[in-house]
Number of protein chains: 2
Amino acid sequence: MTNNSNKPVSAVPKLEDVARAAGVSTATVSRCLNTPDRVSRKTIKRVMDAIDSLGYSPNYSARALAAGRTNTIGAIIPTMENAIFARGIQAFQEELQKNGCTLLVASSSYRQDLEEEQIKTLTARGADALLLIGFQRDPHLYEFLEKRKIPFVLTWACKPSHEQLFVGFDNRKAMKELAARVISLGHRSLGCISAETATNDRASERVEGICAAMQDAGLDPGSLRIVETTYSIENGEKAFHQLLTGDNAPTAVLCGNDVLAIGALRGAAALNLRVPQDVAITGFDDIELASVAPIPLTTVHVPHRRMGQLAARVLIDALNDVPASSVELPTEVCLRKTL
Amino acid sequence: MTNNSNKPVSAVPKLEDVARAAGVSTATVSRCLNTPDRVSRKTIKRVMDAIDSLGYSPNYSARALAAGRTNTIGAIIPTMENAIFARGIQAFQEELQKNGCTLLVASSSYRQDLEEEQIKTLTARGADALLLIGFQRDPHLYEFLEKRKIPFVLTWACKPSHEQLFVGFDNRKAMKELAARVISLGHRSLGCISAETATNDRASERVEGICAAMQDAGLDPGSLRIVETTYSIENGEKAFHQLLTGDNAPTAVLCGNDVLAIGALRGAAALNLRVPQDVAITGFDDIELASVAPIPLTTVHVPHRRMGQLAARVLIDALNDVPASSVELPTEVCLRKTL
DNA sequence: AACAAAAATGTAAGCGCTTACATTTTTGTT
DNA sequence: AACAAAAATGTAAGCGCTTACATTTTTGTT
């Protein structure tokens with residue numbers, strides 16, 4: 001056979017080339033790479049020298065196909081533009097890297113249909129395991145993952161009663177604690193700016209937390225004025241304006257996250273309202289923006305980095321058949337100047 | 001052969017199962033998936049029905065091995081925690097997704113040795129192409145990528161004279177324009193807080209830009225006081241303190257990015273200095289933080305999203321042998337309140 | 001020194017696709 | 001209706017690894 005393809009003369013070396021150069025079988029080269037303790041020192045040295053001099057590096061597609069494992073883990077998040085996800089995913093990726101795994105990323109833009117598509121895509125691409133945000137999704141997706149035996153971890157939320165593996169925090173409890181604080185300061189008329197609750201369980205749990213705190217304080221949860229919007233400073237400002245210029249404006253506005261709260265803060269300035277004297281504002285997440293805002297934001301601190309790191313560990317354990325268990329991370333109310 | 005492995009009875013269906021169910025050859029199924037215009041309508045329908053009813057999805061490792069293409073593109077960035085990279089990468093990923101490609105992410109923590117390792121890892125994992133930040137790296141890495149014929153695009157910087165493909169902006173020019181503005185306002189004593197310039201060409205080009213503006217204005221570039229640190233609000237604050245409490249403190253401090261500038265702003269507050277009356281401060285990047293800072297930050301706007309999107313397109317073109325060309329994106333000085 | 005057990009190595013099949021080439025079927029032209 | 005060209009389909013090799021099983025070599029014991 002002549003050089004039939006347009007393959008360059010100095011083609012990428014493969015395992016077979018290493019084997020030939022080192023004078024061993026391909027099996028031995030493979031073992032040097034994967035289970036070196038089953039190869040003699042002398043052979044390892046010879047093989048490693050051959051690898052170095054040829055500049056060999058294994059083809060992971062072939063490896064994945066043969067071994068049935070890609071050492072690749074997928075993460076599907078709403079968007080990397082939200083600092084909390086960027087942070088958590090950065091920590092997740094660092095931890096994976098330490099364990100020889102690579103991260104595959106996809107984003108769903110907070111849309112369930114896109115998330116489903118991504119789950120299918122990433123598993124087809126051979127993701128050994130998956131990081132997902134929240135619990136809320138079509139049950140058949142859980143069946144799909146279980147049938148395929150693909151471990152997954154749910155993050156940014158927690159449901160101790162469910163059997164699914166999670167590394168998260170209790171959105172309801174965290175927000176309830178903050179709301180109780182707000183109420184204890186005398187606020188009776190509450191408003192809330194939230195992300196769309198229908199498809200975002202973190203958002204709906206936070207709203208529930210507010211209602212629970214009102215209930216406990218003898219206030220009617222039905223009196224909570226809620227505006228739903230999507231996460232952005234601008235939308236936060238608009239929603240705030242809507243809330244404060246309507247009938248009996250609230251004296252405190254609890255926001256679903258810090259970005260919305262920053263928008264609310266801007267809205268207050270536009271309406272010439274003093275914060276917190278005229279209106280109290282709170283956030284959620286404790287991103288960098290929060291402490292740097294014109295008026296440092298009262299918010300809930302969430303350990304995003306730690307969550308990402310632990311999620312990686314849990315997944316790696318699961319892949320190595322080490323029994324992994326869910327973890328609920330603590331959150332903390334951060335009192336600053338807007339309450 | 002009995003059911004020798006511990007493989008479940010309902011194993012994941014493969015292409016062969018689809019072929020059998022549809023009564024066609026495996027080649028035809030493959031063609032339905034990859035080049036449907038070479039298959040008759042009737043057959044496509046039959047095959048698609050089989051795919052649906054079996055819940056088949058192709059194994060990408062096998063596909064990649066057979067086709068010699070993974071449809072996976074790698075990005076190696078310093079860190080996702082910096083909003084500018086998170087933004088750019090989000091746009092990059094969205095554009096890839098539209099074109100059927102998946103994103104593989106690795107981070108280098110601003111370290112060249114780690115970046116090199118990641119380049120090796122991602123290419124071994126079969127990344128068809130790579131997005132890299134800046135131009136500065138060991139030349140043998142460029143040789144490596146060229147030898148392997150892996151297209152790559154350099155971003156967040158530009159060097160029209162070089163042959164390498166880039167989608168970026170001129171850091172030097174952008175910063176020079178801002179510095180000229182600062183000088184035109186009467187500032188003669190300048191300070192600068194920069195990232196480490198030795199291994200970060202974006203940082204060193206920005207410093208060069210300041211020097212060039214000073215030169216043009218008849219100021220001695222040697223008089224520029226420079227503090228190098230790593231990107232964080234806290235380090236920005238420290239560096240600012242160091243600059244302002246030293247001998248002949250500058251009247252204007254140009255920061256290498258917005259995060260450092262926010263730190264400087266905080267440092268000014270701590271020293272009871274009014275901004276801009278006592279000291280002017282500028283940033284770079286125009287991240288969300290900039291306009292929301294206690295005193296809205298004068299900075300340089302960089303089109304991060306557009307950069308990410310165009311980088312994806314350029315890479316996809318290169319992969320399809322469409323001749324792709326570099327693009328220099330414009331930046332814009334954003335005058336707000338700190339100058 | 002002889003032997004059994006353990007360690008190291010080799011042989012070759014198989015992972016699930018794609019695609020060059022061969023063959024069959026359909027379409028269009030006269 | 002007969003034929004050539006075009007379209008559709010099939011056959012089977014091959015992508016670059018891993019790993020079960022077989023064989024050879026080394027180690028340790030008496």
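Scope of the values below: all heavy atoms of this structure, side chains included, with no hydrogens, waters or symmetry mates. What you see is a predicted model; the values in this text were computed from it and never measured. Each chain gets a letter, A, B and so on, in the order the sequences are listed, and its residues count up from 1.
- When the side-chain nitrogen and oxygen atoms of Ser40(B) are compared with OP1 and OP2 of dT26(C), none of them lie within a distance under 4.0 Å.
- When both distances must be under 3.5 Å, the Watson-Crick or G-U wobble mate of dT9(D) is dA22(C).
- Here Ser61(B) lies out of heavy-atom contact (under 4.0 Å) with every strand.
- Between Arg38(A) and dA8(C), a side-chain N or O to OP1/OP2 separation shorter than 4.0 Å is absent.
- The closest donor-acceptor contact from the side chain of Asp128(A) to the backbone of Asn71(A) lies under 3.5 Å.
- Within the 4.0 Å cut-off from OP1 or OP2 of dT18(C), not a single side-chain nitrogen or oxygen of Tyr60(B) is found.
- Following rounding to the nearest Å, Arg63(A) (CZ) and dT19(D) (P) show an atom-to-atom distance of 10 Å.
- We find that Arg137(A) and Glu116(A) are not joined by a salt bridge, their nearest charged nitrogen and carboxylate oxygen being 4.0 Å or further apart.
- Using a 4.0 Å heavy-atom criterion, one finds that Ala67(B) contacts the sugar-phosphate atoms exclusively.
- As rounded to whole Å, 10 Å separates atom C1' of dT19(C) from atom CG of Asn34(B).
- Using a cutoff of 4.0 Å between basic side-chain nitrogens and carboxylate oxygens, Glu94(B) and Lys98(B) are not scored as salt-bridged.
- The phosphate of dC15(D) (OP1 or OP2) has no side-chain N or O of Asn59(A) nearer than 4.0 angstrom.
- Across all strands shown, dG14(D) forms a Watson-Crick or G-U wobble pair with dC17(C), both key distances being under 3.5 Å.
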Kindly indicate, with the supporting measurements, whether the criterion ring pair (Phe, Tyr, Trp, His ring centres under 6.0 Å) is fulfilled by Phe85(B) and Trp156(B).
-> CA-CA 9 Å; Phe85(B) 296 126; Trp156(B) 263 270; 4.9 Å; yes

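- Toward the 5' end of DNA chain D, the nearer of the two residues Arg41(B) and Leu65(B), judged by each one's closest nucleotide, is Arg41(B).
- At a threshold of 4.0 Å, the pair Lys120(B)-Glu117(B) does not count as salt-bridged, since none of the basic side-chain nitrogens sits closer than that to a carboxylate oxygen.
- Under the Watson-Crick or G-U wobble criterion, with both distances below 3.5 Å, dA4(D) is paired with dT27(C).
- Residue contacts for Ser30(B): at a heavy-atom cut-off of 4.0 Å it reaches a base atom on one of the strands shown.
- In this entry the distance linking CG of Leu33(A) with C1' of dC17(D) reads 10 Å, nearest Å.
- Between Thr28(A) and the phosphate of dG10(C), there is a side-chain N or O to OP1/OP2 separation shorter than 4.0 Å.
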